[in-house]
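By convention in this document, chain letters (A, B, ...) are assigned in the order of the sequence lines, proteins followed by strands, and residues within each chain are numbered from 1.
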There are 2 protein chains.
Amino acid sequence: MQDSARLDATFQALSDPTRRAILQRLAREGDVTVMDLAEPFAMSQPAISKHLKVLEKAGLVSRGRDAQKRPVHLEAQPLAEATGWLIEYRKYWSAQFGRLDGLLEELQAIEAAAGKN
Amino acid sequence: MQDSARLDATFQALSDPTRRAILQRLAREGDVTVMDLAEPFAMSQPAISKHLKVLEKAGLVSRGRDAQKRPVHLEAQPLAEATGWLIEYRKYWSAQFGRLDGLLEELQAIEAAAGKN
DNA sequence: CAGTTACAAAACCATATAGTTATTTATATG
DNA sequence: CATATAAATAACTATATGGTTTTGTAACTG
């Protein structure tokens with residue numbers, strides 16, 4: 001996917017509260033099944049499956065296989081890219097962010113290292 | 001606006017390449033008029049105005065008045081909030097981000113200070 | 001092999017999005 | 001006051017989104 005299209009898909013995926021909640025849950029609890037994900041939401045199973053498809057298309061999650069279950073797994077890379085986009089422009093947003101430069105360099109170094117996994 | 005609804009609107013606004021380009025331009029060049037913004041895009045003036053309305057609803061830009069012109073001004077706050085959401089969960093994305101905690105605290109302190117403008 | 005579990009796919013609906021062209025409004029200027 | 005400029009609004013179109021219910025399918029279980 002084109003860089004820009006990937007960002008489109010990532011931000012689009014993040015624009016829904018149900019999907020953000022799904023990502024948060026995956027971040028905290030690790031892999032979860034669709035039924036488990038659907039449980040806290042006032043929403044049908046197919047609705048959750050649709051959200052998962054959106055997340056999967058954006059590369060934010062991948063799916064495993066465990067008998068009938070299709071465990072959902074968080075994929076961090078697109079989140080890192082989206083964060084990168086936002087951070088890239090922070091220095092312009094306000095003079096107050098000027099002194100962030102050092103921190104940002106560190107962040108980027110760590111990100112680059114993490115990207116090699 | 002509710003916190004969640006604000007994030008919805010921000011990420012939604014960021015999910016379009018034209019709008020991201022507008023934000024980038026505002027970040028680099030400061031306030032710009034609608035005509036100036038529209039110029040590099042293969043898109044009509046009303047289309048740009050619509051995008052600006054989306055950005056304005058999300059609180060990402062505000063509009064001034066200079067004779068017939070309505071200069072567009074970048075508002076950083078929602079971008080900071082979106083960045084905050086992403087960064088908040090980074091520590092979970094990978095064990096490698098564990099040592100970021102100190103940096104993140106600093107970032108958040110600066111953000112909090114900036115929020116008081 | 002009949003039933004159950006976990007999920008996906010299909011078909012449908014209402015609303016939102018992203019664009020268009022044409023028109024209107026507000027301000028400035030000759 | 002007539003015209004030009006800058007931008008908003010209106011009306012329309014096509015497609016996408018987010019939800020529903022119903023149906024289908026793959027894998028386990030008794």
Check the orientation of A:F11 and B:F11. Use parallel for under 30°, tilted for 30 to 60°, and perpendicular for over 60°. parallel
Does C:dT17 have its OP1 or OP2 closer than 4.0 Å to a side-chain nitrogen or oxygen of B:H51? no
Near DNA chain D, counting only heavy atoms under 4.0 Å, which residues of residues 38-49 of chain B show up? B:Q45, B:P46, B:S49
Residue pairs, two or more places apart or on separate chains, that pass side chain to side chain donor-acceptor pair (under 3.5 Å) and touch residues 21-32 of chain A: A:Q24-B:Y89, A:R25-A:E29, A:R28-B:Y89, A:D31-A:H73
Can you tell me which residue pairs pass the salt bridge (Lys or Arg N to Asp or Glu O under 4.0 Å) test with a partner in residues 5-16 of chain A, sequence neighbours excluded? A:R6-A:E81, A:D8-B:R20
Contact interval (first through last nucleotide) of DNA chain D with protein chain B, 4.0 Å heavy-atom: D:dT5 to D:dT9
Strand-adjacent residues in residues 55-69 of chain B, judged by heavy atoms under 4.0 Å from DNA chain C: B:A67, B:Q68
For A:A5, the side chain to side chain contact (heavy atoms under 4.5 Å, CB included) test, sequence neighbours excluded, returns A:M1, A:Q2
Between A:V54 and A:L60, is a side-chain contact (heavy atoms from CB on, under 4.5 Å) present by the stated rule, with each step listed? CA-CA 9 Å; A:V54 172; A:L60 285 162; over 6 Å; no
For A:V72 and A:L55, run side-chain contact (heavy atoms from CB on, under 4.5 Å): C-alpha distance rounded to whole Å, both residues' side-chain angles, the deciding distance at 0.1 Å, then the answer. CA-CA 10 Å; A:V72 184; A:L55 291 168; over 6 Å; no
Separation between CD1 of A:I48 and OG1 of A:T33, rounded to the nearest 0.5 Å: 11.0 Å
Tell me, which pairs form a side chain to side chain donor-acceptor pair (under 3.5 Å) where one or both residues lie in residues 46-67 of chain B, sequence neighbours left out? B:R19-B:H51, B:Q45-B:S49, B:S62-B:E75
Hits for side chain to side chain donor-acceptor pair (under 3.5 Å) against A:E39, two or more places apart or cross-chain, chain-then-number order -> none
